[in-house]
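What follows is one structure encoded as structure tokens, with my remarks underneath.
For reference, positions follow the sequence shown, starting with 1. Owing to the predicted nature of the structure, the values given are computational and were not obtained by experimental measurement. All ligand and atom numbering here is 1-based and tracks the order in the structure.
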Amino acid sequence: MRITEAGSMADNTVAESLLQRLQDGECGGLDSLELASALGVDHQQVVGAVKSLQSLGEIIEAEQRSSKRWELTPEGEEIAREGSHEARVFHSLPKEGMAQSQLMKLPIGKIGFSKAMSNRWIKLDKSADGGPRVFQAVDLVEDAVKEKLLLVLQGKEEGVNDKERSELKKRKLLNEVTIKTYWVTKGSGFSTSIAKQETDLTPEMIASGSWREKTFKAYNFNALGVMPECGHLHPLLKVRTQFRQIFLEMGFTEMPTNNFIESSFWNFDALFQPQQHPARDQHDTFFLQDPAFATEFPMEYLERVKKVHSEGGYGSQGYKYDWSIKEAQKNILRTHTTAVSARMLYKLAQQEEFTPVKYFSIDRVFRNETLDATHLAEFHQIEGVVADYGLTLGNLMGVLKEFFNKLGITKLRFKPAYNPYTEPSMEVFSYHEGLKKWVEVGNSGVFRPEMLLPMGLPEGVSVIAWGLSLERPTMIKYGINNIRELVGHKVNLQMVYDSPICLLDS
Ligand code: PHE
């Protein structure tokens with residue numbers, strides 16, 4: 001036996017002695033409580049050893065039992081140490097006796113006196129000089145109470161019969177307690193040596209192959225895990241979720257927007273935006289250096305686009321300039337998600353038969369802007385597109401009204417505007433109750449035939465569309481005045497952690 005500190009045995013030593021006793025014993029098993037008293041350790045220590053052996057797998061089997069046991073109360077423990085009150089009264093009496101009044105002043109006096117009297121260990125001389133006096137009545141006493149309590153303390157309860165036990169209980173010297181014990185037997189993988197179990201599979205073990213010889217500690221799926229640091233959604237993502245929800249409620253399908261890089265062709269030319277348009281300038285658009293040019297285009301469609309720009313067609317006179325494929329090939333960071341709408345509408349036009357569609361997207365776009373409190377070189381654009389036969393400006397206004405109503409924006413005004421790809425075009429304004437003025441909330445229009453017909457969409461199909469930024473409603477909703485507090489390296493993460501969920505219509 002290895003002893004660590006005075007009287008306490010190391011936990012693994014308890015486990016080892018438990019295994020040794022199982023090995024040596026002819027009996028089928030061991031009781032944890034008996035083992036604790038045999039080893040002279042606390043029962044809890046044996047329970048700990050049983051549990052850790054159990055976690056190693058099949059070494060032992062442990063069955064939980066509950067057993068009743070008698071335990072001394074604090075007063076019972078005092079008596080086991082120092083004797084019963086009556087014995088202490090007896091021993092404190094000198095040959096010549098003691099005045100009863102003096103005896104009663106002792107802490108054990110009262111109870112001890114009456115018990116010792118009824119045991120006839122002492123006698124009282126009421127007519128003594130100076131008041132009643134107490135004398136020993138026998139030469140020797142046997143302190144049965146102390147003896148019985150000691151037996152219980154030593155775990156030899158058999159020495160105390162039921163009558164004595166209930167007498168001691170009545171005197172509040174004993175208590176019956178229920179304790180959970182284990183009945184431990186050998187397990188199917190019994191062994192007296194406990195190999196240290198690995199808790200981690202390390203790269204070194206894999207590289208050397210040593211994992212083959214190791215035993216691994218089983219997962220404890222009942223253990224409570226460490227709470228992970230929680231992730232937080234950025235306000236832009238919360239607002240995006242709400243917009244997405246609105247589009248889905250209105251029956252729109254999300255477009256694939258997973259390409260920040262786009263050719264000028266899809267971003268501008270397909271949208272009937274002339275090649276000398278100022279938006280296609282270095283000052284407004286980011287151009288890619290490598291790869292600087294895109295090479296794959298649907299060539300027949302590209303030819304039709306070239307024609308409508310340079311010569312016109314479909315009832316349009318075009319722009320009458322030399323359309324250059326080199327200009328269309330230039331790779332850029334897309335300046336709007338309308339490039340994605342163009343791709344999707346072209347794809348739709350390739351269908352055998354036209355079907356009406358409602359598309360939306362919410363993703364990032366890039367512009368070579370002068371940065372200020374409300375402008376960054378990149379932002380998120382929300383875009384909605386509806387294609388069907390005979391759609392009019394009235395349909396566009398109706399869809400916009402429904403869409404903005406769902407955002408909680410009910411007062412709308414439309415202002416004529418210009419986009420190269422829509423005719424008519426309208427800027428959308430809403431009355432801002434907080435700012436007490438009309439603010440621009442979006443841009444919209446009906447796509448031009450010069451854009452739709454070269455794609456191959458049937459005559460009579462019209463496409464209404466609108467776009468807005470995600471940042472502006474987010475800033476309004478979260479009361480952020482400077483966009484740098486919302487996006488970029490100056491963002492205070494605490495703002496992200498603390499921002500509540502977004503409910504747009506309230
Ligand atoms: N593409 C436009 C913009 O970037 C928004 C828009 C989309 C306008 C669709 C009309 C139709 O501002």
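Of the protein's non-hydrogen atoms, Thr338 OG1, 2.7 Å is the one closest to atom 1 (N) of ligand 1. In this structure, the protein non-hydrogen atom closest to atom 6 (C) of ligand 1 is Gly467 N, 3.9 Å. Among all non-hydrogen protein atoms, the one lying nearest atom 2 (C) of ligand 1 is Tyr421 OH, 3.1 Å.
The main-chain N or O of Ser425 is never found under 3.5 Å from a side-chain atom of Thr422 such that the two would form a donor-acceptor pair. With hydrogens and angles disregarded, no donor-acceptor distance shorter than 3.5 Å links the side chain of Asp388 to the backbone of Pro356.
For ligand 1, the atoms sitting less than 4.0 Å from at least one non-hydrogen atom of Gln381 are 3 (C), 4 (O), 12 (O), numbered in the order shown with element in parentheses. With ligand atoms numbered from 1 in the order given, ligand 1 contributes 9 (C), 11 (C) to contacts under 4.0 Å with heavy atoms of Ala465. The ligand atoms of ligand 1 that sit less than 4.0 angstrom from a heavy atom of His336 are 1 (N), 4 (O).
A salt bridge does not link Glu176 with Lys68: none of the charged nitrogens is closer than 4.0 Å to a carboxylate oxygen.
For Ser425, no heavy-atom contact with ligand 1 is shorter than 4.0 Å.
Taking the side chain as every heavy atom from C-beta outward, Met255 and Val385 approach each other to under 4.5 Å.
Ring pair Tyr421/Phe447 is tilted by interplanar angle, where 30° to 60° counts as tilted.
For Arg367, the heavy-atom gap to ligand 1 drops under 4.0 angstrom.
A ring-centre distance under 6.0 Å is not found for Phe260 and Phe286.
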